[in-house]
Amino acid sequence: MRQDWTSADFSAALLEWYDRHARVMPWRIGPAERKAGVRPDPYRIWLSEVMLQQTTVVAVRDYFRRFTERWPDVAALAAAEDAAVMAEWAGLGYYARARNLLKGARAVVAEHGGRFPATREGLLTLPGVGPYTAAAVASIAFDAPEVVVDGNVERVIARLFRVETPLPLAKPELTALAARLTPAQRPGDYAQAVMDLGATICTPRSPACGICPWRDPCIARAEGVQAELPRKLPKAAKPVRRGILYLARRADGAWLLETRPESGLLGGMLGFPGTDWTVEAPEEAPPVAAEWRDPGGEVLHTFTHFHLRLALRVAELPETAAPTQGCFMMLSPAHLPTVMRKAYDLVRADQASATGEVQASPSKRSGKTTRRR
DNA sequence: GACACGTGGCT
DNA sequence: TAGCCAAGTGT
């Protein structure tokens with residue numbers, strides 16, 4: 001800590017800034033309301049925190065609104081059908097979060113009488129709630145003085161104290177430094193304030209140091225290295241994997257779909273049947289005997305740890321065709337994960353151009369990531 | 001500790 | 001444009 005700034009000075013300066021510049025969010029109780037005694041709804045804080053894991057505020061907003069309209073409290077969510085929750089989560093990514101969300105809601109109802117645990121330790125027992133989320137919910141929803149360390153806080157603290165150790169090695173050091181700054185007064189507002197600071201001022205590139213409430217004590221800023229911190233260990237290169245997806249359309253317009261296995265990539269989500277996604281070129285493995293043709297496009301998609309190039313095959317099935325083992329038929333499939341949505345849009349575009357019909361605009365999620373050959 | 005696990009926006 | 005980045009967790 002800088003000799004001239006006490007821990008109380010840090011929180012005072014930040015909270016004063018937060019009182020004037022707090023971002024407005026659908027799940028948040030603003031500083032003025034909080035001072036007036038309004039308490040946040042733990043269900044909404046928990047839901048928002050899970051959605052915000054590795055996900056931007058902009059991406060979360062509409063999903064949060066739809067979830068809370070459909071399932072206004074934890075009891076309603078606990079009573080929801082699995083497929084309904086997975087469908088509502090489609091497009092948001094990291095689908096294990098949705099599966100754990102449902103397990104977590106059911107655990108709150110079954111094991112905690114429908115009320116969220118109010119402590120970090122209690123929250124940590126819920127599936128999908130790790131160190132960050134437990135501390136965030138405890139502090140934001142229950143005003144417990146927990147140390148909240150997310151990517152924003154790591155960046156802010158690394159700069160404030162000029163921590164040169166690369167992430168993720170620096171995590172313990174950053175957590176210890178963050179702990180020294182966490183106040184006993186207004187811990188919930190403080191937690192949100194540090195994250196707002198990281199999101200709006202102490203940004204990854206070109207931070208706005210001139211208007212930062214912590215510019216004076218910031219060591220990285222004083223030494224001109226703020227934009228280089230935090231340092232990070234180099235990431236592994238992403239290999240390319242390939243696969244084939246089979247899109248079968250029955251004469252009545254229904255498509256052949258499957259629910260993917262509960263665990264693993266896109267677990268529990270809807271998808272078109274296909275081959276495994278491997279580094280080597282895949283062998284043909286159609287899910288049903290039919291005249292499969294190549295529509296001449298390719299789906300390009302990048303996951304966290306690999307690039308994917310999917311070839312497509314399409315077929316028309318007779319009206320009488322029954323779904324094959326493990327599959328079912330669905331009209332105008334909605335709620336697909338993005339890679340499946342891209343494949344669907346590409347095939348629809350191909351059909352439209354073949355028949356000369358005007359096509360409804362495909363999802364925005366398809367963009368430049370499909371390619372004509 | 002290392003790796004699996006999505007997505008869209010920005011540079 | 002290829003890569004980086006965003007309120008991480010589970011195994």
Side-chain angles (χ1 to χ4, degrees), chain A residues 23 25 27-28 45-64 86 89-101 103-104 123-141 146-156 167-169 171-172 175 178 188 191-200 202-206 227 230 232-241 260-269 271 277 300-308 336-342 363-369:
Chain A
R23 288 182 293 172
M25 318 243 190
W27 48 86
R28 177 178 283 183
I45 299 301
W46 164 74
L47 177 60
S48 68
E49 288 300 342
V50 171
M51 287 184 165
L52 285 163
Q53 290 167 7
Q54 298 290 284
T55 309
T56 57
V57 169
V58 174
V60 163
R61 274 210 158 87
D62 285 348
Y63 283 87
F64 180 83
M86 299 314 290
W89 197 278
L92 195 56
Y94 282 138
Y95 299 100
R97 293 185 296 171
R99 301 192 297 273
N100 285 329
L101 189 79
K103 287 182 197 158
L123 289 158
L124 226 26
T125 67
L126 299 176
V129 174
Y132 162 75
T133 304
V137 174
S139 70
I140 296 170
E146 298 295 346
V147 183
V148 178
V149 182
D150 73 332
N152 287 305
V153 179
E154 289 175 351
R155 182 171 59 255
V156 169
L167 285 167
L169 301 179
K171 181 93 178 182
T175 301
Q192 294 173 98
V194 194
M195 293 191 280
D196 276 17
L197 186 71
T200 63
C202 197
T203 53
R205 282 176 279 236
S206 36
K232 297 192 176 180
L233 256 22
K235 289 169 185 171
K238 291 177 168 63
V240 176
R241 294 194 202 172
R260 298 173 60 84
E262 275 301 301
S263 63
L265 195 65
L266 308 179
M269 300 300 292
W277 299 341
L300 308 180
H301 191 76
T302 298
F303 292 97
T304 313
H305 51 296
F306 64 93
H307 300 289
L308 180 64
L336 296 172
T338 296
V339 65
M340 299 295 168
R341 168 61 51 188
K342 288 177 181 176
S363 155
K364 210 161 207 162
R365 286 195 271 149
S366 262
K368 299 170 193 161
T369 44

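In what follows, every heavy atom counts, from backbone to side chain, and hydrogens, waters and symmetry copies are set aside. Within every chain, numbering begins at 1; the chains are lettered A, B, ... in the order of the sequence lines, protein sequences first and strands thereafter.
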Notebook entry, point to check: What is the distance from CG of A/Asp62 to C1' of B/dG9, rounded to the nearest Å?
Noted result: 15 Å

Next item on the list: Could you state the atom-to-atom distance from NZ of A/Lys238 to P of B/dC3 in whole Å?
Entry: 13 Å

Next item on the list: Using only side-chain N and O atoms of A/His301, determine if any of them is under 4.0 Å from OP1 or OP2 of B/dT7.
Entry: yes

Note to self: What is the distance, to the nearest angstrom, from the CE atom on A/Met51 to the P atom on B/dG8?
What the structure shows: 15 Å

Check: Taking the inter-plane angle between the rings of A/Phe303 and A/His301 on a 0 to 90° scale, is it parallel (under 30°), tilted (30 to 60°) or perpendicular (over 60°)?
Finding: perpendicular

Next item on the list: Would you kindly give the CZ-to-C1' distance between A/Arg260 and B/dC5, to the nearest whole Å?
Entry: 12 Å

Next item on the list: Measure from CZ on A/Phe303 to P on B/dC3 and round the result to the nearest Å.
Entry: 19 Å

Check: Judged by atom type as modelled, is there a donor-acceptor pair below 3.5 Å linking the side chain of A/Arg260 to the main-chain atoms of A/Gly271?
Finding: no

Next item on the list: Could you tell me whether the side chain of A/Tyr63 and the main chain of A/Ala90 form a donor-acceptor pair under 3.5 Å?
Entry: yes

Next item on the list: Looking only at non-hydrogen atoms, find the nearest pair between A/Leu266 and A/Pro337 and report the distance.
Entry: CD2-CB, 4.1 Å

Notebook entry, point to check: Using the P atom in both, what is the distance from B/dC5 to C/dC5, to the nearest Å?
Noted result: 22 Å

Margin query: Please pick, from C/dC5, B/dC5, B/dG8, the nucleotide with the shortest atom-to-atom distance to any side-chain atom of A/Tyr94.
Written below: B/dC5

Checklist line | Donor-acceptor pair (no angle test) under 3.5 Å: A/Thr55 side chain, B/dG6 base | finding: yes

Next item on the list: Would you please confirm or rule out a distance under 4.0 Å between OP1 or OP2 of B/dC5 and any side-chain N or O of A/His305?
Entry: yes

Checklist line | A/Leu167 CG - C/dA6 C1' separation (whole Å) | finding: 14 Å

Atom pairs, protein N/O to nucleotides 9-11 of chain C N/O, distance under 3.5 Å:
unit_1: C/dT9; atom_1: OP1; unit_2: A/Gly130; atom_2: N; d: 2.8
unit_1: C/dT9; atom_1: OP1; unit_2: A/Gly130; atom_2: O; d: 3.3
unit_1: C/dT9; atom_1: OP1; unit_2: A/Thr133; atom_2: N; d: 2.9
unit_1: C/dT9; atom_1: OP1; unit_2: A/Thr133; atom_2: OG1; d: 2.8
unit_1: C/dT9; atom_1: OP2; unit_2: A/Pro131; atom_2: N; d: 3.4
unit_1: C/dT9; atom_1: OP2; unit_2: A/Tyr132; atom_2: N; d: 3.2
unit_1: C/dG10; atom_1: OP1; unit_2: A/Gly128; atom_2: N; d: 2.3

Note to self: Counting the atoms with a prime plus P, OP1 and OP2 as sugar-phosphate, which does A/Met25 contact under 4.0 Å by heavy atoms, base, sugar-phosphate, or nothing?
What the structure shows: base

Check: Using a cut-off of 4.0 Å on non-hydrogen atoms, how would the nucleic acid contact of A/Arg28 be classed: base, sugar-phosphate, or nothing?
Finding: base

Notebook entry, point to check: Quick one: which of B/dG6, C/dC5, B/dT7 gets closest to the side chain of A/Thr304?
Noted result: B/dG6

Check: Does a side-chain N or O from A/Arg155 land closer than 4.0 Å to OP1 or OP2 of C/dA6, or not?
Finding: yes

Margin query: Assuming nearest nucleotide by heavy-atom distance, tell me which of A/Leu266 and A/Arg205 is located more 5' along DNA chain B.
Written below: A/Leu266

Check: Are any of the side-chain heavy atoms of A/Trp27 and A/Ile140 separated by less than 4.5 Å?
Finding: no

Check: Counting side-chain heavy atoms from C-beta on, which of C/dG8, C/dG3, C/dA6 comes nearest to A/His307?
Finding: C/dG3

Next item on the list: Consider only side-chain N and O atoms of A/Tyr132 and A/Glu49, and report whether a donor and an acceptor are under 3.5 Å apart.
Entry: yes

Check: In whole Å, what is the span from the CG atom of A/Leu308 to the P atom of B/dG6?
Finding: 12 Å

Check: Within the distance-only criterion (no hydrogens, no angle test), does the side chain of A/Arg97 pair as donor or acceptor with the backbone N or O of A/Gln53 below 3.5 angstrom?
Finding: yes

Check: Heavy atoms under 4.0 Å, any strand shown: does A/Trp27 hit a base, just sugar-phosphate, or nothing?
Finding: base

Next item on the list: For A/Val58 and for A/Ala96, find the nucleotide of DNA chain B with the closest heavy atom, then tell me which residue's nucleotide is more 5'.
Entry: A/Ala96

Next item on the list: Could you measure between the two P atoms, the one in B/dG6 and the one in C/dT11, and give it in whole Å?
Entry: 14 Å

Item checked: Residue-phosphate contact under 4.0 Å: A/Lys235 side-chain N/O, C/dC5 OP1/OP2 -> yes

Check: Does A/Thr200 offer a backbone N or O that forms a donor-acceptor pair with the side chain of A/Thr203 under 3.5 Å?
Finding: no

Notebook entry, point to check: Taking OH from A/Tyr63 and P from B/dG8, how many angstroms apart are they, rounded to a whole number?
Noted result: 7 Å

Notebook entry, point to check: Heavy atoms under 4.0 Å, any strand shown: does A/Gly267 hit a base, just sugar-phosphate, or nothing?
Noted result: nothing

Item checked: Donor-acceptor pair between A/Gln192 and A/Arg28 side chains, under 3.5 angstrom -> yes

